[in-house]
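Counting starts at 1 for both ligands and their atoms, in listed order.
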Amino acid sequence: MDLTSWVILPFLLGSVGIYGLLKLLQRLRSSAYIQDAVVVITGATSGLGKECAKVFYEAGAQVVLCGRNEEGLKDVIKQLCLIRGGAMKFHKPHMVIFDLSDVEAVASAAREILHLVGKVDILINNAGVSYRGAIVDTKLSVDRTIMDTNYFGPVALTKALLPSMIQKKGGHIVVISSVQGKISIPFRSAYSASKHATQAFFDCLRAEMVPHDIAVTVISPGYIQTNLSLNAVTEDGSRYGVMDKTTAEGRTPEEVAQIVLRAVGERSKDVLVAGPLPTLAVYLRVLAPKLFFSLMAARAKKERKFKDS
Ligand SMILES: NC(=O)c1ccc[n+]([C@@H]2O[C@H](COP(=O)([O-])OP(=O)(O)OC[C@H]3O[C@@H](n4cnc5c(N)ncnc54)[C@H](OP(=O)(O)O)[C@@H]3O)[C@@H](O)[C@H]2O)c1
């Protein structure tokens with residue numbers, strides 16, 4: 001062995017060791033943060049919310065599952081109670097039923113949650129509804145429905161729970177936005193608008209909550225294999241009812257739920273969960289807007305042609 005190997009090899013091994021140790025410490029810190037925490041999850045009956053319920057429950061959190069479908073919530077709780085974790089002690093899951101688009105119901109649900117579990121450590125604003133349609137043909141009531149569920153619902157729930165977090169001097173607010181909260185795609189106006197508003201609101205909240213030690217995490221996924229496109233609302237308010245190819249080929253909700261768990265444990269501020277093309281589009285919108293706008297115009301033209309054919 002020459003002199004360089006004597007110097008470089010121990011340096012490399014030492015660096016790998018330190019990196020591994022730091023990662024381990026980070027993982028231990030993350031799991032301690034989630035274990036025994038009270039975690040409220042909206043939209044827990046389906047897709048990403050249901051998987052988040054599972055991963056946070058398995059991580060030892062006390063989950064409060066929210067939704068508007070009582071049977072669906074009971075089913076999820078039944079599935080959680082079947083999980084066996086060896087020495088791991090699981091907390092009994094709770095459920096609270098309310099429609100997120102009804103702000104009165106949201107306020108009383110927040111009171112019910114606090115009455116049930118006493119405090120909220122982590123709120124995951126996950127529930128949401130998508131939309132398909134041309135702006136010119138879409139009733140204003142549809143835009144309102146999407147904003148009520150995707151924007152005013154999470155905002156109302158967050159505002160209702162914030163005073164209790166401020167009082168206990170800490171907490172964590174998470175919101176599941178979308179890549180479409182960063183870029184707008186034609187024929188998704190109401191959805192994109194609701195997610196842009198969500199991103200903006202929670203970015204402000206993050207800055208305002210620093211003195212109260214309340215973390216804010218915005219997660220912006222690309223397509224996930226859930227019922228989102230099936231449940232999407234169309235121009236006249238009816239159900240779209242189609243499993244889009246893009247959705248069917250998206251990431252699995254299990255994979256995204258693990259990303260959410262990690263992001264919460266690490267108290268990440270803003271997480272984009274997307275492949276290279278959507279990520280490039282997000283950067284193009286900022287760095288080369290003219291190119292981005294012509295690409296979107298071409299996409300709109302193609303989709304219109306497809307619709308008319
Ligand atoms: N799937 C994707 O490709 C994708 C991509 C980016 C972001 N996201 C976001 O991920 C989040 C979860 O969606 P998902 O993909 O898991 O879709 P999903 O399978 O359709 O689940 C949506 C959940 O939201 C609930 N919900 C909808 N409207 C509600 C209301 N008014 N009140 C209470 N709960 C309501 C649904 O409850 P019900 O069972 O009662 O309908 C359901 O539990 C959404 O915020 C969505 O925008 C999804």
- Query: If you measure from atom 6 (C) of ligand 1 to every heavy atom of A248, G47, P221, which option wins on shortest distance?
  - Reply: P221
- Query: Does atom CZ of R27 have more than 12 heavy-atom neighbours, drawn from other residues, nucleotides or ligands, at distances under 6.0 Å?
  - Reply: no
- Message: List ligand 1 atoms under 4.0 Å from Y223, heavy atoms only on the residue side.
- Response: 3 (O)
- Query: Are K269 and D203 close enough for a salt bridge, meaning some N to O gap below 4.0 Å?
  - Reply: no
- Task: Look at atom 12 (C) of ligand 1 and find which of L73, T198, I41, N126 reaches it with the closest heavy atom.
- Result: N126
- Task: Not counting sequence neighbours, which residues clear salt bridge (Lys or Arg N to Asp or Glu O under 4.0 Å) with D213? List them please.
- Result: none
- Quick one: look up the protein heavy atom nearest atom 31 (N) of ligand 1 and list residue, atom name and how far away it is. D99 OD1, 2.8 Å
In residues 72-95, what donor-acceptor pairs under 3.5 Å come from side-chain atoms, sequence neighbours left out?
| unit_1 | atom_1 | unit_2 | atom_2 | d |
| --- | --- | --- | --- | --- |
| K74 | NZ | E70 | OE2 | 3.3 |
| R84 | NH1 | C81 | O | 3.2 |
| H91 | NE2 | D36 | OD1 | 2.7 |

- Message: Please confirm whether S130 approaches ligand 1 to less than 4.0 Å, judged on its heavy atoms.
- Response: no
- Task: Select the closest option to atom 23 (C) of ligand 1 among A274, G43, S194, judged by heavy-atom distance.
- Result: G43
- Quick one: look up the protein heavy atom nearest atom 41 (O) of ligand 1 and list residue, atom name and how far away it is. R68 NH2, 2.9 Å
- For ligand 1, which atoms sit closer than 4.0 Å to a heavy atom of A127? 24 (O), 25 (C), 26 (N), 34 (N), 35 (C), 45 (O)
- Message: Just to be sure I'm reading this right: ignoring hydrogens, which of T247, N150, T45 gets closest to atom 36 (C) of ligand 1? Compare them by their nearest heavy atoms.
- Response: T45
